[in-house]
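In what follows, a structure is listed as C-alpha cells, so that the remarks can point back to it.
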Amino acid sequence: MITSFQLKFGRVPGMPATPVATTPVTVFVGPNNSGKSKVLAEIEQYCRNGQKDASAVLLHDLTFTGLPEEKALQAIEHIRQAPNPGESVHVDHVFVGSRHGRQQVPFRDLTQFIQNPNSNLHAFCQWFFRHSTLILDGRSRINLVNQQGAGDLQQAPQSSFQVLFRDDAKRHEVRRIVSEAFGSYFVIDPTSLGNLRIRLSQRPPIDDMEERGIHAEAVQFHANAQLIDQASDGVKAFTGIITEVMAGDPRALLIDEPEAFLHPSLASKLGYEVSRAALSSDKRVFVSTHSPTFVMGCIQSGAPVNIIRLTYRDGVATSRVLPSDEILELMRNPLLRSTGVLSGLFYEFVVVTESDADRAFYQEVNERLLRFKPEWGIPNCLFINAQNKQTVQTIIRPLRQLGIPAAGIVDIDVLKDGGSNWTSLLSSANVPAISHGSLATMRTAVKQAMDNTGRDMKREGGVGILPQAEREAALNLLKQLGEYGICVVPGGELESWLPGLGATGHGPSWLISVFEKMGEDTEADNYLRPSANDVWGFIYGVKAWLVDSGRKGIPA
C-alpha cells in the first residue's frame, strides 16, 4: 500500500529529491553514519501515525494507495481480534490489534480508510497500518524464534507460529528455505501444550500429522529434534526473519542490518528469499545493509529492487537511486567481481590501483596518515586493485556512474598510451569530450619530451628526467588529470616512493622490502611516521579530490 517515498535531498548537493516509486524491496546502502538505520526508523514512525515528523532529517514523505473493498475486508480480518471476556463492544465497532497495541474502531470507517487512505491518513495509520508495520533489528529478530502461545484454533491466528502451524503450504515453504540454508528441517512443535516451539529436525516429518499431532509418534519425532534455542544466533536470526516474512502479514517490513550474525552465503540466501517472498505477497520491504552479498541476493531473485545509496559528509547529504541492472552488470564482469568492487557501495570513497602491491602500499600509507596525521588521511576508504593501468579505468567507470567517488592511481607510463586507450581513460573519469583534444595534444608533447631525454620515464625518475620548462608542462598535465581523480605518480612508479629507505626489488619483492624498512612497531625508533612530502603528500592530494563535494568527474 506504500506506493512511493521521497527523501529530503537528491543525487548531488543542492539538487532536490524526486519521489521514488516503491518496488517489493528497497535497500538502503552507503557508508557508516550516512543515515541508513535512521531512515528506517523515520519510515516506521510515519507508518504508525500517518504524520510527518517535524524532527525527521531524512524522510520527506510517504504516499499510500487504497485496496478494493474485498481486499480491504480481508486485510481487516488479519488484524481483527475477538473481545476479551466481559468486554463491551460498541455498535458497528470491531477490535483490531497486534503486538503494537489493541483498540476498538468503527468498522465502516475503517473499511473506508483502507480503501482511501488519503481521506484520513492519520486514522488509516493509527487504526490499520501501524498493525501492519514491523521493524526488525538484531535483538528483535532473534527473539522472533522464541516460543509463542498456541492460541485458540476456533479463532483466527494471532501470531506467525499460529499461522505456520495451520497453513501447511507456508510451513513447507519455510522448511524448504531453512533446509537449503542449514541442512536441517524446520518444524513447529505443539507438544508443550498451550505453546508452539520451533525445532530443527535431522529428517522431515513423514506427514503433517507427525508434525502437528500430539500422539506418541509425534511426541517422539519432536523429542528427537533440536530446539532452536540451542542453535547459533545466525540460525535464529535467519529463521526468525524467514518465519516473519512468510507467516506474518506486515505490509511494511523494515529490517536493519539483516546480515548480522550471518555468513556471507547465508546473507545472499536471505536477500534472495526475502525478495521472492515480498514479490509474491505484495509486501513492501525496506532494508538497511552493509552486505554486498545480501544486495546481490536481492538482485538475483528477479524481484524489482530499489537500491538507494545515502551519503553524509560535512553537513551535506545525498541520495542516489542505483539501477539494479547496472549493479548486476558489475557482478557479471569477472574482473569486477573478483576485485570485490560492489563493496564500494558501503564506503565513502574508493581508490583503485594498478596491482595488489600498489594497493597494499598505498593502503598502509593511508592507515599511518589516519593514525598520525589524520587531516591528511582518507577516511572510510576502500582500496582495491585492478590488473594493470588499462583495467583501472574498467573499475572506476561503473563506480562513478553509481555516484561513488573513485580515484585511480596509475604509473606515469599511462602517458605512453595514445589513441583509444587515452580516450577511454578520460571517458572513464568523465572528462568532458571537448577537453579530450587539448589533453591529447599535451600528452603527446610531454611523451615526446620524455622520449627525447633517452631515459625511461617510468623507471628513471618520472617528470624528474625533464628539463625545467618541460617538467612544468608535465606537472600541469598531471594536475589537470588529478582534477578528475586520475592520480599519476610523478616519480614514475610505485618503487619511486620513499627512496631514502633504500628498498630494493620490484613489485611484490619491493613491497616486502619497503614494509620491513618502514617498521611495524609504532614505539620503535625505525618506525616510519608521515612527513610533509613524498608519498604522504601524494595521498593527501588524492584525498583533496575525494572529499571535495564539488569534485569533477562524478556524473550528476
- request: Give a yes or no on whether a salt bridge exists between Arg175 and Glu211, defined as a side-chain N under 4.0 angstrom from a carboxylate O.
  value: yes
query: Salt bridge between Glu42 and Lys8, side-chain N to carboxylate O under 4.0 Å?
result: no
NZ/NE/NH1/NH2 to OD/OE distance under 4.0 Å, Arg80 and Glu77: yes
message: For Gln202, is the CD atom crowded, meaning more than 12 foreign heavy atoms sit under 6.0 Å from it?
response: no
- prompt: Can you tell if the side chain of Lys36 reaches within under 4.5 Å of the side chain of Glu257, non-hydrogen atoms only?
  reply: no
message: By the definition side chain to side chain contact (heavy atoms under 4.5 Å, CB included), identify the one residue from Thr26, Ile308, Ile307 that meets it with Val321.
response: Ile308
- prompt: Do Phe286 and Ile135 have side-chain heavy atoms sitting under 4.5 Å apart?
  reply: no
field: Leu200 CG to Phe182 CZ distance, which is reported to the nearest 0.5 Å
entry: 8.0 Å
query: Quick check, are the ring centers of Phe129 and Phe64 under 6.0 angstrom apart?
result: yes
message: Over 60° means perpendicular and under 30° means parallel, so tell me whether His90 and His93 are parallel, tilted or perpendicular.
response: perpendicular
task: Test Gln81 against every option in Gln103, His131, Arg102 by the side-chain hydrogen bond (donor to acceptor under 3.5 Å, both in side chains) rule and name the one that passes.
output: Arg102
query: Is the cationic atom of Arg212 (NZ for Lys, CZ for Arg) positioned less than 6.0 Å from the six-membered ring centroid of Phe165 and within 45 degrees of its normal?
result: yes
